[in-house]
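Side-chain atoms are counted along with the backbone in the values below, which use heavy atoms only and exclude waters and symmetry mates. Since this is a predicted model, take the numbers as computed values, not measurements.
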Amino acid sequence: MKIVILDGYSANPGDLSWKPLEQIGALTVYDRTKPEETIERAKDAEIVLTNKVLIKRPEIEQLPKLKYIGVLATGYNVVDVESAREHGIIVTNVPAYSTESVAQMVFSHLLTVTNHTEHYAIQNRAGKWTASPDFCYWDTTLTELAGKTFGIVGLGNIGQRVAAIANAFGMNVIAYTSKSADNLPPYINKRTLNELLAECDVLSLHCPLTPETKHLINRQTLGLMKPSAILINTGRGPLINDDDVAEALNSHRLRAFCADVLTEEPPKNNPLLKCENAYITPHIAWASNEARIRLIDVAINNVLAFIEGKPKNVV
């Protein structure tokens, strides 16, 4: 049995192991695969694993030996699931592996804005505190989270974990969610979207990207928010309109924008990259060592389950 990993570098740049797959069949791992290379590299494979390499109908129709596609992520929009089903191909994903890591990144971003820890470490290395006439030194606003209102859009695994952490900080947690209010923990209060936007001091996006949620945050919805609000996006880049958020930052109608995802990745001419109060990390919230270990473990177990005739995490 031939197994091909089309873009293994992101999940495993060399610090983890694919060895269990080598015991199953002939394994070939590519760090990256260009679109025009996909068919040639996968043409003899019965099992293909992909992270971001697209396997759509044109590719599937030219891969007659293919029986299984394992997505090395939770989102599986890189695969044409309908076409795969028509061709009898099983498609699996890796759910919920990054919940803790992404939730942690949300608060890493938030604390960057409220406490500026790295800023002060840099200032100290430059001698600012040493030269201070006082016992302390600060040149930014420092903000306490307790008592502030934390708004969440979307209460999946990550949204719920973020809510629990916000509650632990002593924040008032409100959410825009399809879940019934009766099924929410007592510390989460349900709101309409407009109510949530108007009330929150922090807004964190955790909803899926759909036609309805694309550009959910735009000029109009930003106008409902407090100018002192902090916007955090660790969900999907297109949940926000980049130009509208950049304009809000530049005109001081939004205190800060924090993101681990952007509309185009890697970004090229995104206006947010030049905004003073935009804090952007390069899509790494999922990439902690612990999360990547879970990701690869589940992906390998998905393959083993498929071979045993009992596929799991099928999408």
Side-chain angles (χ1 to χ4, degrees), residues 1-35 37-103 156-158 161 208 283-315:
M1 179 173 292
K2 184 171 182 179
I3 305 169
V4 171
I5 301 175
L6 292 171
D7 53 344
Y9 187 86
S10 293
N12 178 15
D15 56 341
L16 303 178
S17 175
W18 300 111
K19 187 162 287 187
L21 291 179
E22 296 174 358
Q23 300 170 359
I24 298 171
L27 174 66
T28 303
V29 180
Y30 297 100
D31 284 347
R32 302 168 186 86
T33 294
K34 297 176 182 178
E37 297 173 327
T38 301
I39 293 170
E40 178 63 27
R41 290 183 171 183
K43 66 180 181 181
D44 295 322
E46 295 167 270
I47 294 175
V48 168
L49 276 64
T50 179
N51 189 327
K52 292 292 183 286
V53 176
L54 300 180
I55 305 180
K56 299 294 189 175
R57 185 175 295 273
E59 288 79 19
I60 288 171
E61 290 179 345
Q62 296 181 70
L63 299 172
K65 296 183 181 180
L66 190 57
K67 295 186 172 78
Y68 173 93
I69 301 171
V71 181
L72 297 169
T74 301
Y76 50 87
N77 59 302
V78 297
V79 177
D80 186 331
V81 175
E82 182 179 348
S83 179
R85 190 175 296 116
E86 291 172 7
H87 289 78
I89 299 169
I90 296 292
V91 181
T92 68
N93 72 336
V94 182
Y97 74 93
S98 63
T99 298
E100 295 295 336
S101 290
V102 176
N157 291 323
I158 296 173
R161 186 70 183 110
H283 205 143
I284 55 171
W286 66 280
S288 69
N289 188 64
E290 293 81 358
R292 290 186 299 108
I293 289 172
R294 285 192 293 270
L295 169 66
I296 291 177
D297 284 348
V298 174
I300 291 172
N301 286 327
N302 283 348
V303 173
L304 291 171
F306 164 73
I307 291 173
E308 293 170 357
K310 300 176 181 178
K312 58 185 180 180
N313 295 318
V314 177
V315 298

For the student: nearest non-hydrogen atoms of [X] and [Y], plus distance:
X: K65; Y: K43; result: CD-O, 3.9 Å
X: P311; Y: I90; result: CB-CG2, 4.2 Å
X: A45; Y: V4; result: CB-CG2, 3.7 Å
X: G25; Y: I3; result: N-CD1, 4.1 Å
X: I60; Y: A84; result: CD1-N, 3.7 Å
X: I300; Y: P20; result: CG2-CB, 3.8 Å

To the nearest 0.5 Å, what is the distance between [atom1] on [X] and [atom2] on [Y]?
X: S83; Y: K56; atom1: OG; atom2: NZ; answer: 10.0 Å
X: L6; Y: T50; atom1: CG; atom2: OG1; answer: 5.5 Å
X: N313; Y: T92; atom1: CG; atom2: OG1; answer: 6.5 Å
X: I47; Y: I24; atom1: CD1; atom2: CD1; answer: 6.5 Å
X: T28; Y: L21; atom1: OG1; atom2: CG; answer: 11.5 Å
X: I89; Y: L63; atom1: CD1; atom2: CG; answer: 7.5 Å

Do other residues, nucleotides or ligands put more than 12 heavy atoms under 6.0 Å from the NZ atom of K34?
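Counting other residues, nucleotides and ligands, NZ of K34 stays at 12 neighbours or fewer.
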Evaluate the side-chain proximity of [Y] to [X]: yes if any heavy-atom separation is below 4.5 Å, no if none is.
X: N301; Y: K312; answer: yes
X: Y68; Y: V48; answer: no
X: I55; Y: D80; answer: no
X: N289; Y: L16; answer: yes

Is there a donor-acceptor pair closer than 3.5 Å between any side-chain N or O of [X] and the backbone N or O of [Y]?
X: N93; Y: G70; value: no
X: Q62; Y: E59; value: no
X: D7; Y: T33; value: no
X: E22; Y: W18; value: no

Under the side chain to side chain donor-acceptor pair (under 3.5 Å) test, which residues partner S17, sequence neighbours left out?
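Not a single residue meets the side chain to side chain donor-acceptor pair (under 3.5 Å) criterion with S17.
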Assess whether side chain to side chain contact (heavy atoms under 4.5 Å, CB included) is satisfied between V81 and V315, documenting all intermediate values.
CA-CA 8 Å; V81 175; V315 298; 4.2 Å; yes
Scan residues 71-90 for pairs that pass ring-ring contact (aromatic ring centres under 6.0 Å, His included), counting only residues two or more places apart or in two chains.
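Passing the test, one end in residues 71-90: no pairs.
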Could you list the donor-acceptor pairs under 3.5 angstrom formed by side chains in residues 290-299, with sequence neighbours left out?
| from | atom 1 | to | atom 2 | distance (Å) |
| --- | --- | --- | --- | --- |
| R292 | NE | A287 | O | 3.2 |
| R292 | NH1 | A11 | O | 2.9 |
| R292 | NH1 | D15 | OD1 | 3.1 |
| R292 | NH1 | D15 | OD2 | 3.4 |
| R292 | NH2 | D15 | OD2 | 2.6 |
| R294 | NE | Y97 | O | 2.9 |
| R294 | NH2 | Y97 | O | 3.0 |

Look at K67 together with E46 and state whether they make a salt bridge at an N to O cut-off of under 4.0 Å.
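Judged by the 4.0 Å cut-off on N to carboxylate O distance, K67 and E46 do form a salt bridge.
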So, are R57 and E86 salt-bridged, with charged N and O less than 4.0 Å apart?
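E86 and R57: salt-bridged.
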